[in-house]
Colleague: 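My structure is below; once you've seen it, I'll send some questions.
Within every chain, numbering begins at 1; the chains are lettered A, B, ... in the order of the sequence lines, protein sequences first and strands thereafter.
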Amino acid sequence: MEKFKTFTGIVAPLDRSNVDTDAIIPKQFLKSIKRSGFGPNLFDDWRYLDSANPLNEKQTRKVNPDFVLNQSPYDKAEVLLARENFGCGSSREHAVWAITDFGLKVVLAPSFGDIFYSNSFKNGFLPVRLKAEEIDSLFNSVESRKGFKVTVNLEEQYIETEDKEKFSFNIDAGLKERMLEGLDDIGLTLNHAAEIREYEQRRKKITPWLFKEVSA
Amino acid sequence: MAKTLYDKLWDDHVIHDYGDGTALIYIDRQLLHEVTSPQAFEGLKLAGRKPWRLNTNLAVPDHNVPTVNREVIEDPISKLQLETLDANCKETGITKFDMFDERQGIVHVIGPEQGASLPGMTIVCGDSHTSTNGALGAMAFGIGTSEVEHVLATQCLVQKKAKNMLIKVNGRVGKGITAKDIVLAIIGEIGTAGGTGYTIEFGGDAISALSMEGRMTVCNMAIEAGARVGLIAVDQTTIDYVEGRPYSPKCEEWDLAIELWRDLKSDKDAHFDKVIELDAANIEPQVTWGTSPEMVTSISGVVPDPEHEKSDVKREGIENALKYMALKPATAISDIKIDKVFIGSCTNSRIEDLREAANVVKGKKVSSDIKLAMIVPGSGLVKHQAEEEGLDKIFLESGFEWREPGCSMCLGMNPDQLEPGERCASTSNRNFEGRQGQGGRTHLVSPGMAAAAAVAGHFVDVRKL
Ligand code: SF4
């Protein structure tokens, strides 16, 4: 995973609450066995006026000009501004893969679906919880000024608008460190290998049935 | 100190406490399906890692499988995904039930059915409805694909401990009211984000009175209330259900197990961060009208008017939903006509659900206005049992299709999908836009209500049919 660095980027407003992962990446695109290539189908049902034919690689899609990510300069946005409960619904990590593949790096919202939130960190994508009033104020700024930019500083935990307004945010220390350092989660856990084995030995005595292997 | 059931399950599985609210916890069982596992196996391989403990994992294909003819999978991309699961399980040596095995079914149905999911376990799967298994008194939750890889490689996960919520459903439900109505009523009350950041324990007399199947229906939809984990305390109903299942403990281990399991309930004085109480007697048959499970009302209700909503964001949400659903404010729910009926999914495809639906349609015919009414059992074993009880004949005679087990039209990754504009009475768990097929319109209901709607051609109160 790449290290997360401070950057300044365009904010795209998505003014809907409860945006679910089925909307972020509809099920017809979950059949891939790869991690990449989901970007063109991000928000597919909203972004296009026709249906995708996943079997036809040369298909040209009918773009919905009213959808925000199809409009300039939002097609180059790096920050998504959203409403409450963003990413609710299924556990599909494909939702995060689609978002990052599109080029987004951060999403700002008052709240997130829990699994989406944790999936984001595994992919270097930063979900930031801000207060509802702060989100309202950002929507006002973004909607009155196209191409409105914010700076995202994870190290010091703040978002700064081009009007020099600053919003600080909370994040678990562990998650922050992993993002900033681009650490390998599995490698970190394997540092505890001895503790894991010890736990297994202890549990084997108390709950031996959990160590019966399932077999066909 | 008095502990909640969740506290007990959590404490039992902590390997290392990071001191910031997160801990490394041990995972007893991982269930796998074809959609969210390929990239995890790929990642494992690329990093040159091997599964930490092979046979804590159990794999099953369910999302892409055809429900008519298993021999033909027309979509080459679906086919590749199924073959990839095969290949990955073969290569690593993970146990898998294939499509032609009677034990195959929806992953959340087969875990409990096989005794692969047991009380006191931590259970994960790359699928949000893993919460279903919490009905057994297990800490079960959905994870992303990176976490699937993490569990394969380490048998552990780094998790943040959630807060404790208790939802008490007091008293008794009326006749004809099912677990599905209870959980939809709960979501209507607390909203789809109401449980975010919490583990929800469901309690109260109305919950204790439910069968295991009913409890699984309730915990299945905990995630629809925003909670990753839904839990129900272990009691005699749990123990009777688990006894004698293929992977359940046997002999002395069984005695040892039930002794430990009897403690899997919240202590009397345990602290909950939030307690919500509902009166079971007030719950009526539920029907969703919108594009989020919280957009729900009872069969005697009407479609709401966005004008009455004060919050701008909520009003717009209702307007968007009504537009997508092609519904007008103040329409009586019982006036909504439907095109298709789907009885299945990990919410409502167990034997009890099929019995409930069969009871309603017995001796009646599916309305001629209905284009398709289908029953998709949750597993091959459920199908088998239903056939032994003669339920398949009841369904076939009334005009339902009787299919092979799988996720089917719950999300339509296989050919079972709604056409744009079609309206469906569905026993599944999500009514999101496009969930059952692009442009399709989903109304979530109980199996009895879906069956009643099939007969009437529109929603009706199953208690009056
Ligand atoms: S039945 Fe539906 S909700 Fe359940 S696992 Fe399958 S697709 Fe997911």
Side-chain angles (χ1 to χ4, degrees), chain A residues 15-18 20 22-23 26-28 30-35 45 51 54-55 83-85 88-94 96-97 111-116 118-119 122-123 172-175 184-186 188-190 192-193 195-196 198-200 203 206-210 212-216, chain B residues 15-16 18 20-22 24 26 28 35-36 38-39 47 49 54-55 58 64 76-78 80-81 84 95 116 120-121 126-128 142-147 149-150 153-156 158 160 192-193 196-197 226 228 247 249 253 257 260 292 313 317 320 411-413 430 432-435 438:
Chain A
D15 199 357
R16 278 177 181 248
S17 50
N18 295 317
D20 57 75
D22 279 73
K27 44 128 184 298
Q28 59 270 35
L30 305 187
K31 298 179 185 181
S32 164
I33 54 170
K34 304 220 151 43
R35 267 177 202 259
D45 285 358
S51 314
L55 297 182
R83 294 288 184 184
E84 64 194 20
N85 207 20
C88 61
S90 92
S91 67
R92 59 186 73 162
E93 199 161 317
H94 312 68
V96 182
W97 298 335
S111 58
F112 296 95
D114 276 343
I115 309 181
F116 176 86
S118 71
N119 282 344
K122 313 282 177 195
N123 294 280
D172 289 342
L175 289 175
D184 164 26
D185 280 352
I186 295 178
L188 288 176
T189 295
L190 288 173
H192 295 281
E195 278 171 272
I196 302 172
E198 211 175 280
Y199 174 91
E200 286 176 330
R203 289 277 288 181
I206 312 168
T207 54
W209 59 91
L210 294 181
K212 290 264 151 59
E213 311 290 6
V214 301
S215 57
Chain B
I15 292 181
H16 181 89
Y18 293 101
D20 62 349
T22 65
L24 188 65
Y26 193 77
D28 295 313
V35 181
T36 52
Q39 298 85 352
R49 291 177 173 132
L54 206 52
N55 290 330
L58 178 63
N64 285 281
I77 315 179
S78 281
L80 177 64
Q81 200 165 52
T84 305
T95 301
M121 273 184 167
D127 198 292
S128 58
I143 57 178
T145 298
S146 296
E147 289 178 312
E149 183 184 339
H150 196 124
T154 68
Q155 207 57 45
C156 295
V158 179
K160 183 177 177 148
T192 46
T196 305
R228 264 176 117 164
Y247 298 127
E253 286 191 0
L260 279 181
S292 160
V313 179
N320 281 338
L411 94 166
M413 275 187 79
R430 287 188 176 141
F432 298 157
E433 287 185 18
R435 171 76 179 183
Q438 209 177 16

Colleague: Is the ring pair B:His16/A:His192 parallel, tilted or perpendicular, if the boundaries are 30 and 60 degrees?
Modeller: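 Aromatic pair B:His16/A:His192 classed tilted.
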Colleague: Okay, side chain of B:Arg430, backbone of A:Gly89: is any donor-acceptor separation there less than 3.5 Å?
Modeller: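 Between the backbone of A:Gly89 and the side chain of B:Arg430 there is a qualifying donor-acceptor contact (under 3.5 Å).
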Colleague: Chain B heavy atoms under 4.5 Å from A:Ser90: which part of the residue, side chain, backbone, both or neither?
Modeller: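 Both parts, backbone and side chain.
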Colleague: Please classify the contact between A:Arg16 and chain B as side chain, backbone, both or neither, with a heavy-atom cut-off of under 4.5 Å.
Modeller: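 The side chain, not the backbone.
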Colleague: With a 4.5 angstrom heavy-atom cut-off, could you sort out which part of A:Lys27 is near chain B: side chain, backbone, both or neither?
Modeller: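 A:Lys27 touches chain B through backbone and side-chain heavy atoms alike.
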Colleague: Using every non-hydrogen atom in the two residues, find where A:Asn123 and B:Ser146 come nearest and quote the distance to one decimal.
Modeller: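 Scanning both residues, the minimum pair turns out to be ND2-OG, 4.4 Å.
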Colleague: Just so I know, are the side chains of B:Cys156 and A:Ile196 near enough to count as touching, which here means a heavy-atom distance under 4.5 Å?
Modeller: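 Yes, side chains in contact.
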Colleague: Count the heavy-atom pairs under 4.5 Å between each of B:Asn320, B:Thr22, B:Leu80 and chain A, then report the option with the highest count.
Modeller: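 Answer, by heavy-atom pair count under 4.5 Å with chain A: B:Asn320.
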Colleague: With chain B, which of A:Asp184, A:Asn119, A:Leu30 has the greatest number of heavy-atom pairs at distances under 4.5 Å?
Modeller: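 Of A:Asp184, A:Asn119, A:Leu30, A:Leu30 has the most heavy-atom pairs under 4.5 Å with chain B.
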Colleague: Please check: side-chain N/O of A:Asp114 versus main-chain N/O of B:Thr196, any donor-acceptor pairing under 3.5 Å?
Modeller: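 No, A:Asp114 side chain to B:Thr196 backbone: no donor-acceptor pair under 3.5 Å.
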Colleague: Could you have a look at A:Trp209, A:Phe112, A:Phe116 and say which one has the most heavy-atom pairs with chain B under 4.5 angstrom?
Modeller: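 Most heavy-atom pairs within the cutoff with chain B belong to A:Trp209.
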Colleague: Looking at chain B, which one of A:Cys88, A:Pro26, A:Gly113, A:Pro208 has the largest number of heavy-atom pairs inside 4.5 Å, strictly under?
Modeller: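 Of the options given, most contacts go to A:Pro208.
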Colleague: Would you find a donor on one side and an acceptor on the other, under 3.5 Å apart, between the side chain of B:Gln39 and the backbone of A:Ser32?
Modeller: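 Looks like yes, one N/O pair under 3.5 Å.
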Colleague: Within the structure provided, determine whether B:Thr36 and A:Glu93 are in side-chain contact (heavy-atom separation under 4.5 Å).
Modeller: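 No. Closest side-chain heavy atoms not under 4.5 Å.
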Colleague: If only atom types and distance count, is the side chain of B:Glu433 paired as donor or acceptor with the main-chain N or O of A:Ala23 below 3.5 Å?
Modeller: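 Judged by distance alone, no pair lies under 3.5 Å.
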Colleague: If we only count heavy atoms from C-beta on, is the A:Arg203 to B:Asp28 side-chain gap below 4.5 Å?
Modeller: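 SC-SC contact between A:Arg203 and B:Asp28 confirmed.
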Colleague: Would you mind telling me which of A:Gln28, A:His94, A:Arg92 has the largest number of heavy-atom pairs within less than 4.5 Å of chain B?
Modeller: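 Going by pairs under 4.5 Å, I would pick A:His94.
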Colleague: Under 4.5 Å heavy-atom distance to chain B, tell me which part of A:Glu200 shows up: side chain, backbone, both or neither.
Modeller: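 Only the side chain of A:Glu200 comes within 4.5 Å of chain B.
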Colleague: If you count heavy-atom pairs under 4.5 Å with chain B, which of A:Ile206, A:Asp15, A:Asp185 comes out on top?
Modeller: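 Of A:Ile206, A:Asp15, A:Asp185, A:Asp185 has the most heavy-atom pairs under 4.5 Å with chain B.
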